[in-house]
Amino acid sequence: MPPMQTMETILKRLRDLPILNSEAFRLIEYCSSPKPAFEVLEGMVKNNPNLAGQIVRLANSAFYKRSKPTETLMDALVLLGLTTLKQVFVQSFYASVGKMLNTQSRVLEHGRECALLAEFIGRGAGLDAAECGRHRLGGLLHDIGKQFLAFFFPQPYEQVTRMMKLERTPSFQAEKKIFGVTHQEVGATLCARWNFPSFLVDIIKAHHAEGPGGPPPGALPVFCANGFLHQRDGEAFQPWEAPLRAWFAARRVTLPWKNLVDEFRAFLRTHTGSPLA
Ligand SMILES: [Fe+2]
Ligand SMILES: [Fe+2]
């Protein structure tokens, strides 16, 4: 399939899905408007008890906690600020994408594990909580393009899955053959179009970066976490240990793990309870 045709079909068929009418998507759009006001955001969020509760809890978490607890939604919104709120809304949007596209649970689980591990790598490298949060969100969403390809083109995507299994072809190479585009390109195009934070678009675009340069530093934790997961699950994977060591060396941080594979495995086992970990 020619690449333009794949992308155009996705965009056209997206119009028939109520995803872009979801509350979370409207909130992302509003945060990206020229002059968003907290009063308006409060009005939009307060009728959604889940989201409102999540925001107040986050404002009272160890990272933001002030001497007095934040009790009102308005105080919580102001304390977190637009940048963080947008990330909360993106995460909520992603949850509705999974439900609406009926994404297989193992794909969602892969995102969750990648999120945990990318954050763990960031913390090991001494990144601050806000940076670690960005890698966590990047890990969660990195394969969002796969969800849309598999949903809109179920049969061709079966071919991709077969090629991955039988020929041990990495997913993005099989997709390139079948669709003319990769899930990184699809995901990054959609997320840029939807005004998602640019760090997220960059991570999605570069999480399978090939070539001697490897991934850009901003995408490295997700690249490595993803590589580890594919290796652990016996699939084709991109070498990730050398780029990880080089990244730590460039940051002048001593690697806090002796045996990367065993320690990453143990970390995920204690944090996700996945039998595969
Ligand atoms: Fe991927
Ligand atoms: Fe992945």
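Counting convention: from 1, in listed order, for ligands and their atoms alike.
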Between Thr182 and Glu175, is the side-chain hydrogen bond (donor to acceptor under 3.5 Å, both in side chains) condition met? List the steps. CA-CA 5 Å; Thr182 63; Glu175 289 159 355; 5.1 Å; no

Using atom types as modelled and distance alone, determine if a side-chain donor or acceptor of Asp233 lies under 3.5 Å from a backbone N or O of Glu235. no

Give a yes or no on whether Cys114 keeps an N, O or S atom under 2.8 Å from the Fe ion (ligand 2). no

Applying the side-chain hydrogen bond (donor to acceptor under 3.5 Å, both in side chains) criterion to His183, which one of His207, Lys176, His142 satisfies it? His207

Short N/O/S contact of Asn226 with the Fe ion (ligand 2) (below 2.8 Å): yes

Do Phe267 and Trp257 have ring centres separated by under 6.0 Å? no

The angle formed at the Fe ion (ligand 1) by NE2 of His207 and OD1 of Asp143 is about (to 10 degrees) 90°

Answer yes or no on whether Arg245 is positioned over the face of Trp247, meaning its NZ or CZ is under 6.0 Å from the six-membered ring centre and within 45° of the axis. no

N, O or S from His208 under 2.8 Å to the Fe ion (ligand 1): yes

Answer yes or no as to whether an N/O/S atom of His142 is found below 2.8 Å from the Fe ion (ligand 2). yes

